[in-house]
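These notes concern the structure reproduced below.
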2 protein chains.
Amino acid sequence: MDALRKDIHNSDVPLVCRSCEARHGGVCGALTTEQLSELSRFTSRKTINTGAELHGQGEPVRSYANILRGVVKLTKMMPDGRQQIVGLQFAPDFIGRPFSSESALSAEAATDTEVCALPKAALDRMANNSPDLERRLHNQALIELDEARDWMLTLGRKTAREKVASFLYLIATHIDPDKAEVLQFELPLTRQDIGDFLGLTIETVSRQMTKLRQEKIIHVENNRNVTVHNLATLAEVAGVDR
Amino acid sequence: MDALRKDIHNSDVPLVCRSCEARHGGVCGALTTEQLSELSRFTSRKTINTGAELHGQGEPVRSYANILRGVVKLTKMMPDGRQQIVGLQFAPDFIGRPFSSESALSAEAATDTEVCALPKAALDRMANNSPDLERRLHNQALIELDEARDWMLTLGRKTAREKVASFLYLIATHIDPDKAEVLQFELPLTRQDIGDFLGLTIETVSRQMTKLRQEKIIHVENNRNVTVHNLATLAEVAGVDR
DNA sequence: TTTCCTCCTTGATTTCGATCAAGAACGACG
DNA sequence: CGTCGTTCTTGATCGAAATCAAGGAGGAAA
């Protein structure tokens, strides 16, 4: 699964759409030179501040986006306000739902975020003519499906302690697109967001973080900067087989 | 989302692979006559008894399958035995994970099941040459992703009562491929399975079922045959917006 | 029939996480 | 500087679901 992820991200296709510039792989790597130059007439780079929505639950979707920097949370909300984060997207992930113009979830910037926005119609048209592009979108969907199912096990069967450890482990292995795992990072989510991701209250998240701190499994500074002393230990607490 | 589901299932493409015979849409509907006749040299119809595995967690995957009849549960298990059902597949769903020969989950027949097995290599080869087929697989992945994320909300944020109602609602709307919803059905899962799908114990499932029965929201016969008196009421208890 | 066996229900008790409540830490702003 | 407002932590209490325990219902096989 992680092999596949790398396959997309570290693809050796040198081309990317102009608005996005050199660094990210995203889905644009699958396009031909002509397609890219056509597409880049429509793409636009956007900065989204923490808390701002890319689009709301139930709204029609106008565009796709490649994340260049930052973290985007995908959330579902019940009529009474209960909320669940159903996915976290990191650079250089692709955001969007092919074949459907309406989204059953809302996408919100968890941190200050930069994206490259692609008009939906333009990319859909290209996907119809580029099997390689469709293949990439398909692959991204399958990776997200694997991740969603992994998380279902966390939500349904893990304890609060295991959930918090699972979250920290997830961040450590996803926050930096250049490294497979990292021992020090800034939490991209508030305690409330972490609770909404784990199906817990902020108090429970806080208490479990405190415990992990007391047990010297993590170190926390300013509530945001986390150091993991030993990733294998964290994985063990999380109940994850690495 | 359900519109898309219909799109696959009720497709007007008349062709299906020979082993599977007339009724199901599956992914075969996307194939040309030649592809079908080539494929049907390799396909085989199989009967899988309740409880038998199509394949186990971590095992390499040899084949795809179209479900002709029955219900298949996709499960993940932790080293200590805790289990979570991460997906239920009904006829005529497609089972398999394109682009990966190893599965992170196990697929097990929840009821007596009939499938049409397709050798993975043969279908992969065809998908490379048939954009329409790839499109169908892609679409199925996206539908499963939507369903997985819906369920994450259920697992993370709903009460036991809402979870059980959500499960019954899911079965009522999925058990019969010919109808959008149905008020009477045989439960395809044991209490243990329902618990593993909802992240609950069998005792809690049983108590909530008893309550729903006492409140005349459902009627249950022989522990298996359920009648839903009013689907809208059930949906409301489940916290689902229909 | 009787004996298992599996699956399900029900009751008693415990426990983990939610809820309620208070205060600490930090930054923004007058 | 002090005063908000927000976010996080900690403590006390509550409650929903888990756990522990017992027994019932139905089916298969002797």
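All chains are named by letter (A, B, ...) in the order of the sequence lines, taking the proteins before the strands, and each is independently numbered beginning at 1.
Within residues 192-202 of chain B, no residue places a heavy atom under 4.0 Å from DNA chain C.
Note: B/His219 and B/His229 have tilted aromatic rings, judged against thresholds of 30 and 60 degrees for the angle between ring planes.
Within 4.0 Å (heavy atoms only), B/Thr190 reaches sugar-phosphate atoms of the nucleic acid but no base atom.
Partners of A/Glu114 under the salt bridge (charged side-chain N to carboxylate O under 4.0 Å, His left out) rule, at least two apart in sequence or in another chain, are A/Arg45, A/Arg69. Here B/Arg224 pairs with nothing under the side-chain hydrogen bond (donor to acceptor under 3.5 Å, both in side chains) rule; sequence neighbours left out. For B/Lys158, there are no salt bridge (charged side-chain N to carboxylate O under 4.0 Å, His left out) partners, not counting sequence neighbours. Considering only residues two or more places apart in sequence or on other chains, B/Arg82 meets the side-chain hydrogen bond (donor to acceptor under 3.5 Å, both in side chains) condition with A/Glu162, B/Asp80. Shown here are the side-chain hydrogen bond (donor to acceptor under 3.5 Å, both in side chains) partners of B/Gln57, two or more places apart in sequence or in another chain: there are none. B/Glu215 meets the salt bridge (charged side-chain N to carboxylate O under 4.0 Å, His left out) test with B/Arg161; sequence neighbours excluded. Judged as a side-chain hydrogen bond (donor to acceptor under 3.5 Å, both in side chains), and not counting sequence neighbours, the contacts of B/Thr204 are B/Thr201.
For DNA chain C, the outermost nucleotides in 5' to 3' order that have an atom under 4.0 Å from a heavy atom of chain B are C/dC8 to C/dA12.
D/dT6 atom P lies 17 Å from atom CG of A/Asn223, rounded to whole Å. Summarising the geometry, the separation between CZ on A/Arg224 and P on D/dT6 is reported as 16 Å, rounded to the nearest angstrom.
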For residues 181-188 of chain A, tabulate all N or O donor-acceptor pairs below 3.5 Å that involve a side-chain atom, not counting sequence neighbours.
| unit_1 | atom_1 | unit_2 | atom_2 | d |
| --- | --- | --- | --- | --- |
| A/Glu181 | OE1 | A/Arg242 | NH1 | 3.3 |
| A/Gln184 | NE2 | A/Thr227 | OG1 | 3.3 |

Under 3.5 Å, which donor-acceptor pairs link side chains of residues 47-55 of chain B to any protein atom two or more places apart or in another chain?
| unit_1 | atom_1 | unit_2 | atom_2 | d |
| --- | --- | --- | --- | --- |
| B/Thr50 | OG1 | B/Asp112 | N | 3.0 |
| B/Thr50 | OG1 | B/Asp112 | OD1 | 2.8 |
| B/His55 | NE2 | B/Ser103 | OG | 3.4 |

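Where A/Arg157 and A/Thr204 meet DNA chain D, the nucleotide closest to each residue was compared, and A/Thr204 sits on the side nearer the 5' end.
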Table of protein N/O atoms under 3.5 Å from nucleotides 20-27 of chain D N/O atoms:
| unit_1 | atom_1 | unit_2 | atom_2 | d |
| --- | --- | --- | --- | --- |
| D/dC20 | N4 | B/Glu203 | OE2 | 3.1 |

